[in-house]
Amino acid sequence: MTMVSTGRPNEMTMKKSFELREYETVSPIPFGQVATYDQIAELIGAYGCAWQIGWSLKRLRLPSKIHWHRVINTKGEVSMSIGREGTDWVQIDLLKSEGVFINHELKIQLRRYLWKPDLMKDS
DNA sequence: GACTTGACATGGA
DNA sequence: CTCCATGCCAAGT
């Protein structure tokens, strides 16, 4: 591909690629772990487009093979919105099924469940 | 074609 | 850590 690394999503590129890359990034998330929108956005080279991540996921609708339920916000909580018809609660239920403990405040221990990509060449 | 909304993030108080 | 205000990009109206 080697497209122009303008630092922002290729405007000329196909939008499908955006969601595609998103899924490609979300797919490798292991069982029982979660990733933040910011993480996904940065991984696809779209830092600051975390909002767009949620947009793409929403347009997918259920059922979806993508591990969308493993994507949460940087606050360590599941983003809930009335516009989702309660799918947010489904996400919480799915996370619980994976053994992820969720606080009464719907907060998750990112420090324990946050997924770490192999981008860390040194530690 | 312009304004509003949205499953967000960051910075300052 | 929590709350308020601002910035980001794309789809919907």
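Below, read A as the first sequence line, B as the second, and so on, with proteins coming before strands; counting in each chain starts at 1.
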Quick one: side-chain hydrogen bond (donor to acceptor under 3.5 Å, both in side chains) partners of Asp88(A), sequence neighbours excluded?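 So Asp88(A) forms no side-chain hydrogen bond (donor to acceptor under 3.5 Å, both in side chains) with any residue.
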
Nearest-Å distance, [atom1] ([X]) to [atom2] ([N])?
X         : N      : atom1 : atom2 : value
Leu106(A) : dA7(B) : CG    : P     : 15 Å
Asn73(A)  : dC8(B) : CG    : P     : 6 Å
Arg84(A)  : dT5(B) : CZ    : C1'   : 16 Å
Ile53(A)  : dC8(C) : CD1   : P     : 17 Å
Leu95(A)  : dA7(B) : CG    : P     : 17 Å
Tyr23(A)  : dA7(B) : OH    : C1'   : 13 Å
Ile40(A)  : dC8(C) : CD1   : C1'   : 18 Å
Ile92(A)  : dA7(B) : CD1   : P     : 14 Å

Side chain of Cys49(A): nearest nucleotide among dT10(B), dG6(B), dC9(C)?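 Nearest nucleotide to the side chain: dC9(C).
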
Starting the side chain at C-beta, find the nucleotide from dT10(B), dA7(B), dA10(C) nearest to Tyr47(A).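 Among dT10(B), dA7(B), dA10(C), the one nearest the side chain of Tyr47(A) is dT10(B).
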
Is there any salt bridge (charged side-chain N to carboxylate O under 4.0 Å, His left out) pair reaching into residues 92-110 of chain A, and which pairs are they, with sequence neighbours excluded?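 Passing the test, one end in residues 92-110 of chain A: Arg70(A)-Glu98(A).
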
In the hydrophobic clustering (ILVMFWY, side-chain contacts below 4.5 Å, transitive), which residues join Trp51(A), or is it alone?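 For Trp51(A), no cluster forms, as it stays isolated from other hydrophobic side chains.
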
Which Ile, Leu, Val, Met, Phe, Trp or Tyr residues join Leu114(A) in one cluster when any pair of side-chain heavy atoms under 4.5 Å counts as a link?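 Grouped by the 4.5 Å side-chain rule, Val34(A), Ile72(A), Val78(A), Met80(A), Trp89(A), Ile92(A), Leu95(A), Val100(A), Phe101(A), Ile102(A), Leu106(A), Ile108(A), Leu110(A), Tyr113(A) form the rest of the cluster around Leu114(A).
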
Any chance you could measure Cys49(A), atom SG, to Tyr37(A), atom OH, to the nearest 0.5 Å?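 Separation between the atoms: 15.0 Å.
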
Walk along nucleotides 1-7 of chain C from 5' to 3' and tag each nucleotide B, S or - by protein heavy-atom contact under 4.0 Å, base first, then sugar-phosphate. -S----B

When you match Gln52(A) and Thr36(A) each to their closest nucleotide on DNA chain B, which lands nearer the 5' end?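 Here Gln52(A) is the residue nearer the 5' end.
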
Working for side chain to side chain contact (heavy atoms under 4.5 Å, CB included), residues Ile44(A) and Ile53(A): CA-CA 10 Å; Ile44(A) 66 179; Ile53(A) 303 297; 3.8 Å; yes

Can you list the residues that meet the salt bridge (Lys or Arg N to Asp or Glu O under 4.0 Å) rule with Arg84(A), with sequence neighbours excluded?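 Arg84(A): no salt bridge (Lys or Arg N to Asp or Glu O under 4.0 Å) contacts found.
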
Think Ser79(A) has a side-chain N or O under 4.0 angstrom from the OP1 or OP2 of dC8(B)?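 Yes.
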
Quick one: label Asp38(A) by what it contacts on the DNA or RNA (base, sugar-phosphate, nothing), any heavy atom closer than 4.0 Å.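 The answer is sugar-phosphate, as Asp38(A) gets under 4.0 Å only of primed atoms, P, OP1 or OP2.
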
Under 3.5 Å donor-acceptor pair, Tyr37(A) side-chain atoms to dA9(B) base atoms: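 No pair found.
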
